[in-house]
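First comes the structure, then the notes that go with it.
Computed from a predicted structure; not experimentally measured. Along the sequence shown, residues are numbered consecutively beginning with 1. Worth knowing before you read on, the calculation uses all heavy atoms, side chains too, and leaves out hydrogens, waters and symmetry mates. Order of listing sets the numbers, starting from 1, for every ligand and every atom in it.
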Amino acid sequence: MVALVVAILVTLVWLAGRYEASQVQAKLERDTADAVSDIRNAMSRNAQTLQALHAAVGDPARWQAEAASLLREHREWVRVEWRDARLSTLLAADTPYRASVFGRLGRANSQADVALACTHARRVNGPAYATSYFVTQRDGLGVEVMELCMPQVVAGELTGYIVATYALQTILTDLISRQVTRSQEVSFTEADGTRLALHGSARRGSRIFTAQQLVDLPGNTLVLRIDSWRAAPDLFPNVLTALVTAMSIALVSVLVLLGKDMRRRLRAEHDLAEALAFRKAMEDSLVTGLRARDLQGRITYVNPAFCQMVGFPPEELLGHATPAPYWPPELAHGYYLRQSTRRAGENVPPREGFESVFMRKDGTRFPVLIIEAPLINASGVQTGWMSAFLDISEQRRVEELSRASQDRLQATARLATVGEMASLLSHELNQPLAAIASYANGSLNLLRGGPHAAADLEMAMHRIAEQAERAGKVIRSVHDFVRRRDQAREAVDPQELLDAVMPLVSLQARKLAVRVEIVVVAGLPRVLCDRTMVEQVLLNLARNAMQAMDEAAVPDRLLLIQVRRAGPSAAGPKGWLEFSVADQGPGISQAVGQQLFTPFFTTKAEGMGLGLSLCRTVVEQHGGFLAFGPHHPQGTIFRFTLPVDPGAPSEAP
Ligand code: ADP
């Protein structure tokens, strides 16, 4: 391409040069033609002027005077002669501008030329010329001259001739317009190129243009040659060449720019290909299924992970409209509605995604998590939807497993508590049973003593009944706790929760000589919770607190259970209630504190280490949090929060 452009450029410049040369040549030809016609006109005028001399032939003095005046006016003549019919010179006059031309060689030498011209003149009966010839001069140089002969005929008889001698050199200087001779070399030449006379001189080293033309005179033909020179051609000889060059430069620049652009394009293409390959590798390595749909619901793109997930090859999915082949037929209607509301822009998919059920090609159903986002094209217009799919069947299985083991753990913990209860129970039942036994013994003795003791007997029986009822209550409280109730959340008054665990707490408190103080702020709303679980949390915390005080052998043992509104930091729709269980035990060291909630961590010989970990799970399942800290002046305080029932009357006074 570059070579072609360079070739065109060179050709154009060359052609432009050629064109210019031809212009110069044409001008030169015109100049030559002008010069030739100048010479011919001047010569024919001169011939007429010479006729004037004829009138003065009779008076030699006058003739001489007129001839001298003519010679002054016409520098091209070097000599004018009046000759008789036999060509003998009668009168002659020489030009005043130079030494006599024939002074050295004598006029006789040129007699032949004069005779030739006059013979011709006689024949044509008008002016005629002889061939030019060279006359050497005294100074060693010479002059090329040419004879003009005009026959003088009076009344049909030849009376003589007027002969004028032209100096060729002066013809060139005087008869041709100055414009032609100023910057060009004008010469008369012979046919072989020999110069006869020359005016002006060509400059060497420059380009020469030459034109020649014949000056046809009666009896002689001269060759006029004009040499014109031009300085070495400019870089831009004319506008055309300059234009062509400028265009070529522009063309080359465009070519260069084009080349650059091409390289940039190639680079961009290469980068794009790399990016595409990178994207492809990324898509193929994804375990997340990807699918794009256009606004009409037709599938426009699926990645390998998605195909693997649903078990359909891409060709069966691409372009498929609703219902999609992986929709379970029984759910297809619901999905269709969901999709049409999505298309209508009525529901925006949640950012965290939503769950759905898909069907594999073999008909098995599996749960998926779908995260959907609008597909926006480069000009910012939505062209469809892009969705990411996660197969959550495995996750579901793990969740199920963990829930089952959680349940088992809770049951185990409950049983452990029950086991503990059993020893407490035996201790607590001892008293009423011992009382019943002693009342029964007393009654027996009274019965043996006679019938007068009826009043005492009745009192004893009352006491027995009372004690039996007390024992029954103890047993019932344990039974109530162990009986597994519905796990459903319900709105519960906080006081009710405390009341439910109090019998069991008091059982242990009595055994360990702990004072229990309960502070419930008046007018608290109800909490939404799983009653059984929360009761167990309270029981666990109270039991831990009492055991801690017992182990440290604290003299004044106080267990403080408080319920109040949680601080403003824990804001819910209706707020939260905070339950706290404080003891005056030894407190919790940092080492123990770090492991407190780790399952099976215990510092007690008979402990299971499950209590606190379960408590935290339960509280967190309710959305609350469980924390502990030091209690002033001594001991530990455990706090946990539960959400207020949103359906409760908004604010108690
Ligand atoms: P367990 O009571 O079966 O040991 P927990 O999970 O209820 O299991 O308690 C774990 C450990 O936390 C206990 O062994 C005890 O060392 C410590 N702990 C719990 N509550 C308190 C408390 N109020 N004061 C001091 N230490 C406590």
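One finds a salt bridge joining Arg463 and Glu466 here, because a Lys/Arg side-chain nitrogen approaches an Asp/Glu carboxylate oxygen to under 4.0 Å. Using a 4.0 Å cut-off between charged side-chain N and carboxylate O, Glu316 and Lys361 make a salt bridge. Using a cut-off of 4.0 Å between Lys/Arg side-chain N and Asp/Glu carboxylate O, Glu330 and Arg365 are scored as salt-bridged. Glu496 and Arg531 are joined by a salt bridge, as a carboxylate oxygen and a charged side-chain nitrogen come within less than 4.0 angstrom of each other. Between Arg403 and Asp407 there is no salt bridge, since no side-chain nitrogen of the basic residue lies less than 4.0 Å from a carboxylate oxygen of the acidic one. The pair Asp550-Arg557 meets the salt-bridge criterion, with a side-chain N (NZ, NE, NH1 or NH2) lying under 4.0 Å from an Asp/Glu carboxylate O.
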Worksheet item: Which is it for Leu541 and Leu612 under the side chain to side chain contact (heavy atoms under 4.5 Å, CB included) test, yes or no, and what are the steps along the way?
Response: CA-CA 8 Å; Leu541 294 180; Leu612 286 178; 3.7 Å; yes
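Shortest contact from atom 8 (O) of ligand 1 to any protein heavy atom: Gly609 CA, 3.2 Å. Nearest protein heavy-atom neighbour of atom 19 (C) of ligand 1: Asn544 ND2, 3.5 Å. Of the protein's non-hydrogen atoms, the one nearest atom 25 (C) of ligand 1 is Ile588 CG1, 3.6 Å. Atom 5 (P) of ligand 1 has its closest protein heavy atom at Leu612 N, 3.7 Å.
Under a 4.0 Å heavy-atom criterion, Phe638 is in contact with ligand 1.
Which parts of ligand 1 touch Phe601 is read off a 4.0 Å heavy-atom cut-off, strictly below it: atoms 10 (C). Per-residue contacts place Thr602 under 4.0 angstrom from the following atoms of ligand 1 (heavy atoms of the residue considered): 1 (P), 4 (O), 14 (O). Interface atoms of ligand 1 facing Ala548, defined by a heavy-atom separation under 4.0 Å, are 22 (C), 24 (N), 25 (C). Within ligand 1, the atoms closer than 4.0 Å to a non-hydrogen atom of Thr636 are 24 (N), numbered from 1 in the order shown.
At a heavy-atom cutoff of 4.0 Å, ligand 1 is contacted by no atom of Asn540, backbone or side chain. If you look at Thr603 next to ligand 1, the close heavy atoms, those under 4.0 Å, come from the backbone and the side chain alike.
For ligand 1, none of its N or O atoms has an N or O atom of Arg543 under 3.5 Å away. Of the N or O atoms in Lys604, one or more lie within a sub-3.5 Å distance of an N or O in ligand 1.
Ring to ring, Tyr335 and Tyr326 are not that close: their centroids are 6.0 angstrom or more apart. Ring centers of Phe358 and Phe389: under 6.0 Å apart, within the cut-off.
The nearest non-hydrogen atom to atom 23 (N) of ligand 1, considering only Leu596, Leu541, Asp583, Ile637, comes from Asp583.
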